[in-house]
Amino acid sequence: MTGTRTPARKRRTALLAAGALLGGTLGAGALMQGTASAAPACTVDYKIANEWSSGFSASVKVTNSAAATLSNWKVEWEFAGSQQVSQGWSASVTQSGKKVTATAPSWNSTLATGASAEFGFNASSSGTNSIPSSFTLNGVTCNVDSGSDDDNDDDNSDNDDNAAARVDNPYEGAQLYVNEDWSRQAAESGGEAIADEPTAVWLDRIAAIESGSAGENTMGLRDHLDAALEQGADALQMVTYNLPGRDCAALASQGELGPDEIDKYKNEFIDPIAEILSDSKYADLRIINVVEIDSLPNLITNVGSRETATENCDEMLANGNYVEGVGYALATFGDIENVYNYIDIGHHGWIGWDDNFSATAELLYEASNTAGATVDDVAGFAANTANYGATVEPYFSIDDTVGGKSIREGSSWVDWNRYVDEQSFAQAFREEAVSVGFNSDVGVIIDTSRNGWGGPDRPTGPASKDGTADEYVDGSRIDRRIHLGNWCNQAGAGLGERPTASPATGIDAYAWIKPPGESDGTGEDIPNDEGKSPDGMCDPDYEGNPRNQNNPSGALPNAPVSGHWFQAQFEELLENAYPPVD
Ligand code: BGC
């Protein structure tokens, strides 16, 4: 997520370059300020990302320009005023008196020549909050370079006083909005213990903007935003989910807009949402927006000559309306300073194969440069939304072999996939996305609302490798699905990791995006006015299709239409929660 534009608060940034070492002959701290020929030894870009009455958050980017690689990098500075660091991320940030020391995290401890590290912190402050005038990197001073922004910083160095940086990770240090609609329903349904967990607000049709998403929900977007302010929340999570020709590879969540209704999508869905979000009374709320789940991945895997192709997905590829719609949503919301867009990337059991992986990153990049969008409108990606893939498989790994052969080849569950769980997939996808052109500070959200897989069938350790690769993997995996392609109301699933900020490198959060207890769809013919149809994948007796390699669906019986409350599933999710619900 990058910083970019917009008013309200003034972004303040200091680009500080370099006490330079000349040919390595001058000692640490030798300053060559203003000497055009001197190569800087380090550059520090310190940005105040957010300020409130009693404090602020800042991000610091340090670049090592010296000839030698630094191991265990360390950045130090002194505050001039009363600033006091309370919490750091991506570095250990401590303060003694006015002096602050940020030491490298173990997972990012070396800084090669030309490499940068970024970290951030929250601090309290009263009075003037000036930018520190001097920094050191491992003892070498990085001084203010001519005292102002200059062209050394290619993305945030303009002198645009209207520019305001987004924070790197909107989850960091943030109290998240507890969706009052879901919370009430969960509490009434036996889920008191988890009813105060934050879940996302789904905007799944035009009417949801005013009066709530599918099912029993009644609160519109403004109601939620106002409730978030009342809760004193710092961030609200929402999902925009209403593309023309929605859910092209399935029937359960087809929507209200026909394949060609892109203008209606823009004018009657995205624009009115943007108008509400840009109300200045919400300017201090970080709005985390998951953009159009499943859409772009479907254009990679379910089209053309593939066995998995569907006519609807071919149509959406041909008419360009998924790409146009996603681009338009990114561009429109990206203009609002406090919105953080995360584009859906499916999950490891979908995009984790070589045929799909890079192609998805490239398509997302294309969409992020369509309809006025740029990569600066993208905070990151959302993995496993409304799916069931384990965050981490604790008892086996993609590198395992059985009988001398990789499980990629030997296990039909893995079946040549590169990943066995969501976190390894998400981290690798993030890298791939950066390599195709996304900003280097993008992060990934993993939806952990229903991927806990506790309960009686959870393995307690790795299975023996004495048998076949299938026996080893099937006996070791916590994900108990019949097939990785199964996605509807999965029997045996439980609530997963509770929402957590920055749980792992490159992961902005474990978040509950799919509200647990809301159905994925029904196998029955239940009349509704939402465009939803019976879907075999939600019928426990269905024998499957090419997208789950003709396996049984693994779905719970008697489910309501997608988005509606499914009490039996909710109870099972509670029972099989992992970590368990006390
Ligand atoms: C449904 C939406 C619903 C969402 C969250 C989707 O499967 O199609 O209507 O808002 O799930 O429960």
Side-chain angles (χ1 to χ4, degrees), residues 179-186 189 191 197-221 223-224 236-257 265 269 273 288-295 297-298 312 344 346-347 350 382 384-388 445 447-451 486-490 493 495 511-524 526-539 553 555-556 559-570 573:
N179 180 332
E180 294 189 354
D181 264 336
W182 177 81
S183 179
R184 180 186 14 83
Q185 179 72 62
S189 308
E197 295 295 348
T199 53
V201 171
W202 285 64
L203 298 171
D204 62 345
R205 52 187 170 157
I206 291 165
I209 302 171
E210 296 298 328
S211 62
S213 57
E216 295 71 20
N217 299 328
T218 56
M219 293 170 73
L221 180 57
D223 300 327
H224 285 295
L236 173 146
Q237 306 167 96
M238 58 178 242
V239 180
T240 34
Y241 187 48
N242 197 30
L243 275 177
R246 191 178 71 185
D247 205 15
C248 66
L251 301 169
S253 280
Q254 291 196 346
E256 66 184 352
L257 298 181
Y265 177 75
F269 186 66
I273 295 172
I288 294 159
N289 177 38
V290 175
V291 180
E292 297 295 352
I293 73 161
D294 297 351
S295 57
N298 269 329
N312 288 342
D344 186 71
H347 53 88
W350 184 358
N384 202 42
T385 305
N387 206 269
Y388 295 87
I445 301 170
D447 185 354
T448 58
S449 70
R450 308 181 303 177
N451 71 350
N486 287 353
W487 52 265
C488 195
N489 303 325
Q490 290 299 287
L495 302 167
W512 283 13
I513 303 300
K514 174 78 182 183
E518 293 186 8
S519 172
D520 295 316
T522 181
E524 293 161 35
I526 303 176
N528 66 87
D529 61 1
E530 299 168 40
K532 295 167 179 169
S533 302
D535 194 312
M537 290 297 287
C538 305
D539 173 355
S553 71
L556 292 169
V561 166
S562 63
H564 292 241
W565 193 255
F566 188 7
Q567 182 64 23
Q569 184 190 32
F570 186 63
L573 289 168

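Sequence positions, counted from 1, serve as the residue numbers for this chain. In listed order, ligands and their atoms are each counted from 1.
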Q.
Does ligand 1 come near enough to Asp204 that some N or O of the ligand is less than 3.5 Å from an N or O of the residue?
A. yes

Q) With a cut-off of 4.0 Å, which atoms of ligand 1 are near a heavy atom of Ser253? A) 1 (C), 6 (C), 7 (O), 8 (O)

Q: For ligand 1, find out whether one of its N or O atoms is nearer than 3.5 Å to an N or O atom of Ser562.
A: yes

Q) Would you find a donor on one side and an acceptor on the other, under 3.5 Å apart, between the side chain of Thr522 and the backbone of Glu524? A) yes

Q) Parallel, tilted or perpendicular: which describes the rings of Tyr241 and Trp202, with under 30° parallel and over 60° perpendicular? A) perpendicular

Q) What are the two closest non-hydrogen atoms of Ser562 and Ser253, and how far apart are they? A) OG-OG, 3.2 Å

Q. Looking only at protein heavy atoms, which one is nearest to atom 12 (O) of ligand 1, and how far off is it?
A. Glu518 OE1, 2.5 Å

**Q.** Close approach of Lys532 to ligand 1, heavy atoms, under 4.0 angstrom
**A.** yes

Q: Could you tell me which atoms of ligand 1, counted from 1 in the order shown, lie closer than 4.0 angstrom to a heavy atom of Ala214?
A: 9 (O)

Q) Are any of the N/O atoms in Lys514 less than 3.5 Å from those in ligand 1? A) yes

Q.
So Asp204 and Arg246, do their side chains get closer than 4.5 Å, heavy atoms only?
A. yes

**Q.** Shortest protein contact, atom 4 (C) of ligand 1 (heavy atom only)
**A.** Trp202 CE3, 3.4 Å

(Q) Contact between Lys514 and Asp520 at the side-chain level, heavy atoms closer than 4.5 Å - yes or no? (A) yes

Q) Does the Arg205 side chain pair with the main chain of Asn242, one donor and one acceptor, at a distance under 3.5 Å? A) no

